[in-house]
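For reference, the structure is listed below as structure tokens.
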Amino acid sequence: MSFIKDKFAHIPEGAGALFFIQIFATLGFGVLQSSLVLYATKHLQFSAAQAAAIMGVFGAFNYGLHLFGGYLGGRFLSNRNLFVGGMVLQVIGCAFIAGGTAALMYWGLALFLTGSGLNVTCLNMMLTQRFEPEDIRREGAFLWNYAGMNVGFAISFLVAGHYENLQDYTAMFLFATVGNFAAIVIAAINWKAIADLDTPLLHVNRTQFLQRFAVGIAILVGLVPVVWLLLQYPDYTEVIVYTICTFVGLYLAFLAMKHHDARERNNMWAYLILTLGSLVFWALYQMTTNGLIIFCERNVNRVVGSYEIAPQWIQFINTAVIVLGGPTMSALFVRLRARGWNIDVPKQFSISLILMSLGFLILPIGIKTAGADGMVAFQWIFWSYIFQSVGELLISPVGYAMIGRLAPKQYQGIMMGSWMLVTGVASLMAGDFSKMVPDVKGVPASVTNPAYSDLFMKLGLGCVVVAVALVVLIPTLRRLIKDKSEVDAAPLVLEPAN
């Protein structure tokens, strides 16, 4: 306990509270993310393709609305107000889904996704504001916060798996409701400590503040029926999200081209290149809660010793790696860099893609070695998740911290949101990949294994190609990424007179 107090004593006020808020705010999302496909196929009798489409749109809205949340937070509603407002919608949404019907599921998802979509960026913005742009503690703080998020995931996966074995989905989603409510309580207790420190909203008068507050609340509530409507038509929604993402990418490129500061402009170009590389990583990563979870349920021997592992519990492998590896990797990188090792963002992104490709390429080997019944040994999915999880640890928290370093102050919100928007597009891509999963129930695993093997091999090789491309670009990215101190310290070169 004294170790934890000592750690939090050396970080800015509010950062410790955000760590614990993150844990409880994650519970509802963890339950839905790990169980939505299973709930849709087993309880509501959706086909695997229908469930994959819903899961793809689930991720698209959850992550895609982060872009909008990044704009609203600090401009129309304070980040802490928007966070709590979103959590209220999540609590109501989980309660609706607990009703157990398809109609309530759609309304529950609309409420939940509006809340989680708009308020997740707020947590990251509240945390990043507590550090100066070049504060070396920022990366460690985000790694700790990421570990806290995965503590929440661990709890939600364990509880969801327990209720999955009992087929008690009502209790599962009521647990998510209570967990999200606890996040609101913790935020209220630490209200002053998590206040915004530097946002446009702090510089308006009271009348403007109230006007913006009214607009922000109207958007928060008004988005719910819009999301509900779009959930009914996932194919059209997919086109809309892809289009929005394309426009956002072009807009950021335009901002980079016209930005007056050369150093910040180069940093923005580096951000865009790395974000494109991350798209491939996240598209494959989100297969774990979509098509890959169906593979785990139907084609993997989940009996370990005398216990049958619930599909949600497999996600715990990822969580354990993040929780144990986050602080460990943070300390390790500090030591290695102190000894002169050049471990930078481009190299971490490249390695993460290589690890992701390995996570998929070993699955066809596992399928090849399956027994006569076609059931794949659990060890293969275990190592696949290990590779993917270490890759996530390299790219995700560093990606959040990267924005505080590379984004000009006036663009931090939109660049944080666009980073998450890419994850939303990746969710749609994962849904498209998951639609290729064999949708056959009640047949031996040996019948569907060839299709799975072919899909996993293609995805793994595609990831290898992107990883190699990023490795080639490492020198270019290193030239683009510069801190202000590096530019200020550069020797002055006098141009010869003409």
Side-chain angles (χ1 to χ4, degrees), residues 63 66-67 70 121 124-125 128 131-136 138-140 142-143 146 245-283 333 337 341-356 391-426 463 465-490:
Y63 296 109
H66 292 350
L67 174 65
T121 307
N124 293 318
M125 291 305 298
T128 199
F131 298 91
E132 293 299 322
E134 296 175 20
D135 191 331
I136 60 173
R138 173 186 275 107
E139 182 177 312
F142 272 98
L143 281 167
Y146 204 64
C245 188
T246 301
F247 277 114
V248 169
L250 293 173
Y251 179 62
L252 285 174
F254 170 74
L255 290 177
M257 284 189 291
K258 77 179 187 69
H259 195 63
H260 63 280
D261 186 293
R263 179 189 67 85
E264 293 181 346
R265 182 169 62 248
N266 287 339
N267 282 347
M268 290 179 72
W269 285 119
Y271 164 84
L272 289 171
I273 294 170
L274 291 169
T275 301
L276 285 174
S278 74
L279 175 62
V280 176
F281 179 92
W282 292 119
F333 280 9
R337 286 165 180 160
W341 286 63
N342 188 12
I343 303 173
D344 54 13
V345 172
K347 184 178 289 185
Q348 288 180 232
F349 272 54
S350 302
I351 296 172
S352 71
L353 284 165
I354 293 170
L355 290 170
M356 177 58 72
E392 180 191 3
L393 196 56
L394 285 168
I395 196 172
S396 189
V398 173
Y400 291 131
M402 171 189 74
I403 295 165
R405 179 185 180 189
L406 300 184
K409 182 171 291 186
Q410 64 268 40
Y411 302 143
Q412 279 192 357
I414 189 172
M415 289 175 71
M416 182 73 77
S418 64
W419 171 257
M420 296 180 175
L421 176 61
V422 165
T423 312
V425 174
C463 191
V465 172
V466 177
V468 171
L470 203 55
V471 169
V472 171
L473 287 171
I474 286 178
T476 300
L477 289 166
R478 284 176 174 168
R479 286 194 296 270
L480 291 174
I481 299 174
K482 298 291 182 184
D483 290 330
K484 189 175 186 301
S485 58
E486 295 178 84
V487 176
D488 292 342

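Given the structure is predicted, the values throughout are model-derived calculations rather than measurements.
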Closest heavy-atom contact between [X] and [Y]?
| X | Y | value |
| --- | --- | --- |
| G424 | Y63 | N-CB, 3.2 Å |
| S352 | G391 | CB-O, 3.2 Å |
| S350 | A467 | O-CB, 4.3 Å |

With rounding to the nearest 0.5 angstrom, report the [atom1] to [atom2] distance, [X] to [Y].
| X | Y | atom1 | atom2 | answer |
| --- | --- | --- | --- | --- |
| T275 | M268 | OG1 | CE | 10.5 Å |
| H260 | R265 | NE2 | CZ | 9.5 Å |
| N266 | L406 | CG | CG | 11.0 Å |
| E264 | Y411 | CD | OH | 9.0 Å |
| L480 | R263 | CG | CZ | 12.5 Å |

Checklist entry - For the side chain to side chain contact (heavy atoms under 4.5 Å, CB included) test, which of L394, I474, L274 pairs with V345? => result L274
Item to check | Residue of the set L353, V280, I351, I354 for which side chain to side chain contact (heavy atoms under 4.5 Å, CB included) holds with L470 | outcome: L353
Would you say that [X] contacts [Y] through its side chain, given a criterion of any heavy-atom pair below 4.5 Å between the two side chains?
| X | Y | value |
| --- | --- | --- |
| W269 | L272 | yes |
| Y271 | L252 | yes |
| P408 | L255 | no |
| W282 | I395 | yes |

